[in-house]
2 protein chains.
Amino acid sequence: MTVTLADVAARARVSPATVSRVLNGNYPVAASTRERVLRAVDDLDYVLNGPASSLAAATSDLVGILVNDIADPFFGIMAGAAQTQIGGPGDGSGRAGGEKLAVICNTGGSPERELTYLTLLQRQRAAAVVLTGGAVEYPAHQAAMAAKLAKLADAGTRIVFCGRPPLPEGDALVAALAFDNRGGGRRLTEHLIALGHRRIGYVAGPPERTTTRHRLEGHREALRGAGLDTDPADEERLTVHGPYDRRSGYEATLEILRREPGVTAVVAANDTVALGACAAVRDQGLRIPQDISVAGFDDLPFSVDAVPALTTVRLPLFEAGARAGRLAMGKENPPPGGIATIAAELMIRGSTAPPRVG
Amino acid sequence: MTVTLADVAARARVSPATVSRVLNGNYPVAASTRERVLRAVDDLDYVLNGPASSLAAATSDLVGILVNDIADPFFGIMAGAAQTQIGGPGDGSGRAGGEKLAVICNTGGSPERELTYLTLLQRQRAAAVVLTGGAVEYPAHQAAMAAKLAKLADAGTRIVFCGRPPLPEGDALVAALAFDNRGGGRRLTEHLIALGHRRIGYVAGPPERTTTRHRLEGHREALRGAGLDTDPADEERLTVHGPYDRRSGYEATLEILRREPGVTAVVAANDTVALGACAAVRDQGLRIPQDISVAGFDDLPFSVDAVPALTTVRLPLFEAGARAGRLAMGKENPPPGGIATIAAELMIRGSTAPPRVG
DNA sequence: CTGTTAGCGCATTCAA
DNA sequence: TTGAATGCGCTAACAG
């Protein structure tokens, strides 16, 4: 029924070992023999048995890419980019050669699912794992992650972080590409301050995530730098946390406007949240940017099409994802020290302007 | 070094077979024995060897989800939804039980890569494959796909189409969830005609894709129904094809406005394209919807936040993806005849209005 | 309910 | 450059 390597060997009149060598390509085989084997493969429409091959070789061609929310283009762009470096372009024959299988795993932002997926990938003896997006900072989870990743690395799985800071207790067992969320957040708020804003609302992400914390820290750094951090209680009052989605942006913004009608600008944790913030501002009968400035983070593709176009911080998601993919494949050397910080670029557009006078 | 099932058996003082039975859970085992085994598993931090297990069982716990472009939320939403039904919620232990590993494969819309991924999944002896999005209609590719899918089905892989029409020569070997692209396209254009529009530009997707063809056919059906299809050359002139991205929407719209300055409405192949169309309209100094109405398709999350909010056709992407996931898991029975058509709902919003008089 | 016995299909020694 | 032999770690009969 199912064609095996032995069938191919028989038809090509060689030993199974030779067929294996041809298929894996990492061993000298006479050209004529190779020819004969490949013809037999095509004739029989043979497809390698992955599990058997992985069992014998003790490694698989699976590469896992973990994301928090694949419906969010932030992750979609990084994951897609990583996959371009891993899957290989194919040779056009559809026959599939030595390519790796890049697989995207959607954790939904849940620490448990993150661990479960890592176990599943460990079970598959994955060749590499790419972890994208911010991490959850619960100590117990961090410890569990560190232990799990150590075990994976131990088993020969390459670990790459993409857009995520290295673990606190992180040994040099990983390569990490971290976004400069703090710097980006700082420059964004500095921009608002330079425009003349003094009371700035902040719609933050979930408090337990590193991304949230770093962006917020950048924001407060800027406030502090301008001497605007006079009252900590005030800062609290102008900050509302919520998930990284539109609805949260909408509701948090309403809340901020309720708490402090005098805000002249709202900074959102990311562009999706900013869209919700814009909707809330508009629904209150206020104009952007004349009455309230709004800013986002990430510079997702749709942000330039918002009306007015969204001021935001650009993260090179595609480039970072592609680089992570290459690191996972061992096609590129890790950065010095294992960690590279990826710069964030301030994109000033129409959604921010000086506050109304008075 | 690496702990095996035999090690667990030894520590639990049972046979390897018993351990296997406990782990797979599909066989009666005494509670006390199970207890002992599970403790041994935890003590030794044992993780099943997936390849070995797949080899012996001749099936794996991999489920493939093929998408054209994972950076596009259209696919991200469907893929994420499918994964919720496949990955299982986990048991919170991070230990991973009998879950399947749902993996997303990004074809980039390339027929070759689509085939390559199917081969890779075939090699892994995938339990199921979900194909999302429109198909490419090149006869050679369709034949190759049919052959490949037949082989997969033959090997016991469940095949599910999601948002994609069944193959022409499709046997009943698959379950297919098809979107009513034609009906949605028709109703959208009927809406514009009812508003009074007579010269409607159409920014279509790539000509070789079923999605493109069906939406365009719906559009023309509506024109025909209103007696507006008087001149085929005219219809050609008002239709411009391009990829499903923002840039294409921008450029095609400029082209349409150049060819026929008298258009009062532009229909885009999807929402992303519509965003580009809006930008083009605006850059020409025209207002939406006063000067030109613009409509999209899909109702992606950002569409309601466009200004004005985008009139579009809602596709229940999440629900469809989740259902596809359940079908792939065998948790739900296939629809009668193997094919279900999923309704599309017209969402009338601010971006469409009656044309200016005169 | 549990143990014993055979492979699953391939990569990799070691010889030739 | 090629062939023969061995075992990867597990599941699935079949007994008991």
Side-chain angles (χ1 to χ4, degrees), chain A residues 1-38 40-41 44-62 96-98 120 122-125 127 155-156, chain B residues 1-38 40-41 44-62 96-98 122-127 155-156:
Chain A
M1 186 64 213
T2 151
V3 179
T4 75
L5 195 151
D7 299 330
V8 175
R11 186 170 229 277
R13 319 190 117 268
V14 295
S15 75
T18 300
V19 177
S20 171
R21 295 196 262 250
V22 170
L23 260 31
N24 291 306
N26 41 14
Y27 214 83
V29 175
S32 66
T33 312
R34 169 201 305 304
E35 188 83 6
R36 205 142 34 88
V37 168
L38 286 179
V41 167
L44 269 50
D45 220 2
Y46 170 69
V47 174
L48 195 65
N49 184 316
S53 158
S54 297
L55 174 57
T59 92
S60 84
D61 50 7
L62 233 55
L120 248 17
Q122 180 184 8
R123 178 187 289 187
Q124 299 296 334
R125 305 302 188 252
Chain B
M1 185 65 214
T2 153
V3 26
T4 74
L5 193 149
D7 299 330
V8 175
R11 185 170 230 277
R13 319 189 115 269
V14 296
S15 74
T18 299
V19 177
S20 170
R21 293 196 266 250
V22 170
L23 261 30
N24 291 307
N26 42 15
Y27 215 84
V29 175
S32 66
T33 312
R34 171 200 307 301
E35 189 81 8
R36 206 143 32 88
V37 169
L38 287 179
V41 166
L44 275 65
D45 220 1
Y46 170 68
V47 174
L48 196 64
N49 183 315
S53 155
S54 298
L55 173 57
T59 93
S60 84
D61 51 6
L62 234 57
Q122 179 183 8
R123 178 186 290 187
Q124 299 295 336
R125 305 305 189 248

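By convention in this document, chain letters (A, B, ...) are assigned in the order of the sequence lines, proteins followed by strands, and residues within each chain are numbered from 1.
- Protein atom CZ of R36(A) is 8 Å distant from nucleotide atom P of dG3(D), rounded to whole Å.
- L44(A) places its CG atom 14 Å from the P atom of dG9(C), with the value rounded to the nearest Å.
- The interatomic distance linking R125(A) (CZ) with dA11(C) (P) rounds to 17 Å, in whole Å.
- The residue among R34(B) and A57(B) whose nearest nucleotide of DNA chain C is located toward the 5' end is R34(B).
- A distance of 9.0 Å separates CD of Q124(B) from CG of L48(A), quoted to the nearest 0.5 Å.
- Contacts with DNA chain C (heavy atom under 4.0 Å) in residues 47-55 of chain B: L55(B), listed by number.
- Sorted pairs that involve residues 47-59 of chain B and meet salt bridge (charged side-chain N to carboxylate O under 4.0 Å, His left out), not counting sequence neighbours, are lacking altogether.
- Put simply, CG on D61(A) is 11 Å from P on dA11(C), counting in whole angstrom units.
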Sort me out a list of protein N/O and nucleotides 3-6 of chain C N/O pairs below 3.5 Å, or just none if empty.
unit_1, atom_1, unit_2, atom_2, d
dG3(C), OP2, S15(B), N, 2.9
dG3(C), OP2, S15(B), OG, 3.2
dG3(C), OP2, T18(B), OG1, 2.8
dG3(C), N7, R21(B), NH2, 2.7
dG3(C), O6, R21(B), NH1, 3.2
dG3(C), O6, R21(B), NH2, 3.4

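- What separates CZ of R123(B) from P of dG9(C) is a distance of 16 Å, to the nearest Å.
- At distances below 3.5 Å, at least one donor-acceptor pair connects side-chain atoms of R125(B) with backbone N or O atoms of Q122(B).
- Under the side chain to side chain contact (heavy atoms under 4.5 Å, CB included) criterion, A155(B) pairs with no residue at all, not counting sequence neighbours.
- Within the structure, no pair that satisfies the side-chain hydrogen bond (donor to acceptor under 3.5 Å, both in side chains) test touches residues 48-58 of chain A, not counting sequence neighbours.
- The side chain to side chain contact (heavy atoms under 4.5 Å, CB included) search around N24(B) returns S20(B), N26(B), not counting sequence neighbours.
- To the nearest angstrom, P of dA11(C) lies 7 Å from CG of L23(A).
- No donor-acceptor pair under 3.5 Å is formed between the side chain of T59(B) and the backbone N or O of A127(B).
- Taking the salt bridge (charged side-chain N to carboxylate O under 4.0 Å, His left out) definition, one finds that R11(A) meets it with D43(A), sequence neighbours left out.
- The CG-P distance, from D7(A) to dG9(C), rounds to 9 Å in whole Å.
- Between its two ends, the helix from dC1(C)-dG16(D) to dA16(C)-dT1(D) turns its axis by 20°, counting five pairs per end and rounding to 10 degrees.
- Looking at heavy-atom distances under 4.0 Å, V19(A) makes no contact with the nucleic acid at all.
- Qualifying side chain to side chain contact (heavy atoms under 4.5 Å, CB included) partners for A17(B), counting only residues two or more places apart in sequence or in other chains: S15(B), R21(B).
- Residues passing the side chain to side chain contact (heavy atoms under 4.5 Å, CB included) test with A56(A), sequence neighbours excluded: none.
- Checked against side-chain hydrogen bond (donor to acceptor under 3.5 Å, both in side chains), D45(B) has the following partners two or more places apart in sequence or in another chain: K151(A).
- Between N24(A) atom CG and dC10(C) atom P there is a gap of 11 Å when expressed in whole angstrom units.
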